[in-house]
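Structure record follows, encoded as C-alpha cells.
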There are 2 protein chains.
Amino acid sequence: MSTRDDLTTAMAELLWERGYAATSPREVMARAGVGQGSMYHHFSGKHELAVEALSAVIGEMTGESSLLEGGASPLERMKRYLSVPRAGTLGCRVGRMTQDPQVVVDAELIAIVANAFDTMLGRWEQTIAAAIAAGELPASIVPADLARTLAAVIQGGYVLARAKGEQGPMDAAIRGAVSLLDAAHAAGTDD
Amino acid sequence: MSTRDDLTTAMAELLWERGYAATSPREVMARAGVGQGSMYHHFSGKHELAVEALSAVIGEMTGESSLLEGGASPLERMKRYLSVPRAGTLGCRVGRMTQDPQVVVDAELIAIVANAFDTMLGRWEQTIAAAIAAGELPASIVPADLARTLAAVIQGGYVLARAKGEQGPMDAAIRGAVSLLDAAHAAGTDD
DNA sequence: GTCTATAATCCGATAGAC
DNA sequence: GTCTATCGGATTATAGAC
C-alpha cells in the first residue's frame, strides 16, 4: 500500500470516528505512520485529502444500496435493505458529515454527500414505485416521499442509537418501519 | 439580562450553529460581549457552560412533544406532532449533539441528550398504544418500536435536509410517514 | 518522496490588576 | 465581577535538508 493510500485510509477512518472539523492533519499523518511533510507532497491540504477519502468511502457504500435492486419482490427488497445490519452507535459514515459545520460550508465536500444520498434515494424511489405497481403498497403512497421517509428512518436510527450509546434504538426503528410497511401492505392492496 | 444569561444564551446559539467541539470559549465570550475572564468567574469552563446552555434548550424543546398529549384522537395527535414546522437545514438542536465526538465522550452532556430523547419517546409510546387501543392502528404494531421509527424519521429528515441544503427532504420524509400511518390505519382496523 | 524544523494562529485555562 | 495579559500546547501550513 502506497503512502498516498495510507493517508486516504487514515483520513477515512478519522472522518468516521471524529468528523472533518475535529480531525487534524497531524493525527492523520500519525495514524498513517508518515512524517509531517509527506501529506503536503501528495495533497494540497486537509480539504483535498478529505475529498479523496470521502469519495473512496462513498464508492464502497453506494454498492450497498444496490441491495434494493436484486431478485425478490419489490417490498421484499425494501425490507431486505432496511434490515441490513448497521452498527448504530458508530454512526453513518456519510450522514455524519451533514452535522459537521465545516463540511456543510465546504461546497465540494457537501456535494459529494448530497450526491451519495441522491443515488440511494433514486434506488428507493424506483423500488417503491415497483411495489405500488405490483400491488404490494397502496397507490396513495408517493414514491419520492416514502423514499425520504425510509432513508430518514435509517439516518435517524443512528442518531437515536448514539444518544443512548446502544444498538437497540436502531433495531427498534427498523422493526417499526417494517411493521408499518406490512400494515400498509395489508391495506386495500390487490394481491 | 445578566452576564451569566448572556453567556448561556450565546453558548446555546453556538451549540446549534457549530456544535460543542467546534465552539471555543473565545467565540462564546465575543458573542456575549464579555471579556475573557468573566466566563471563568461564572463557570468552571467550557463543559459546565455547555451543560447549563444545553439544559436550558432542552427545557424549552421538551414542551413541544407535549403536543402528543392534547385533545384530538391519538392518531391525529401523532400526525399533528409530526407536522410541526421544523427548519430542516438548521438541524435539530438536540439530535445534532449525538454526532459530536466530544459530546458522546462527555458523560454529563450525553446523559442530558439521552434523557431528552427518553422523555419524547415515552410520549410517543403512550400515544401509539392509545391509537392501537382505539383501533386506529393495527395490533401488530409494537409501540416502543414505532415510537423510535417516527422519532427517527424526524431526526433523519434533518440529516437529509442538511445534505441537500433544502427544506424539501424534511417535508417529504414527514409526508411519507403520515401516508404510511394512514395506509396502516386503513388496514384491518376496526373503526 | 520523505523527513525535521518552524511559522503564525488559536486552543482552553489561569493570574492578577482594578 | 470584570478586565487584560499570559501560559503551555495544539492547530494548519511552509521551508528546506536529505
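In the text below, chain A, chain B and the rest are named by the order of the sequence lines, each starting its count at 1. Every heavy atom of this structure was used, including side-chain atoms; hydrogens, water molecules and symmetry mates were not.
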To the nearest Å, give me how far apart [atom1] ([X]) and [atom2] ([N]) are.
X: A/Lys46; N: D/dA10; atom1: NZ; atom2: C1'; result: 12 Å
X: A/Arg26; N: D/dT14; atom1: CZ; atom2: P; result: 15 Å
X: A/Tyr20; N: D/dT12; atom1: OH; atom2: C1'; result: 10 Å
X: A/Met29; N: D/dT14; atom1: CE; atom2: C1'; result: 12 Å
X: B/Met39; N: C/dC11; atom1: CE; atom2: P; result: 12 Å
X: B/His42; N: D/dC3; atom1: NE2; atom2: P; result: 9 Å
X: A/His47; N: D/dA13; atom1: NE2; atom2: P; result: 11 Å
X: A/Phe43; N: C/dT2; atom1: CZ; atom2: C1'; result: 15 Å

[X] to [Y], cation-pi by 6.0 Å centre distance and 45° axis angle:
X: A/Arg96; Y: A/Tyr20; value: no
X: B/Arg86; Y: B/Tyr81; value: yes
X: B/Arg148; Y: B/Phe117; value: no

Pick the closest DNA chain D nucleotide for B/Gln36 and for A/Glu27 by heavy atoms, then say which residue is nearer the 5' end.
B/Gln36
Kindly compute the distance separating CD1 (B/Ile141) from CG (B/Leu146), expressed to the nearest 0.5 Å.
5.5 Å
Would you mind classifying the nucleic acid contact of B/Ser2 as base, sugar-phosphate or nothing, using non-hydrogen atoms under 4.0 angstrom?
nothing
Under 4.0 Å between any heavy atoms, over every strand shown, what does A/Gly37 touch: base, sugar-phosphate, or nothing? Just pick one.
base
When you measure from the side chain of A/Val34, which nucleotide among D/dC3, C/dC11, C/dC3 comes out closest?
C/dC3
Minimum-distance nucleotide to B/Tyr40 side chain [options: C/dC11, C/dA13, D/dT2]
C/dA13
Is there a side-chain polar atom (N or O) of [X] under 4.0 Å from OP1 or OP2 of [N]?
X: A/Thr3; N: C/dG1; value: no
X: B/His41; N: D/dT2; value: no
X: B/Ser38; N: D/dC3; value: yes

State whether B/Glu17 and B/Arg31 are salt-bridged, where the test is any N-O pair (Lys NZ or Arg NE/NH1/NH2 against Asp/Glu carboxylate O) under 4.0 Å.
yes
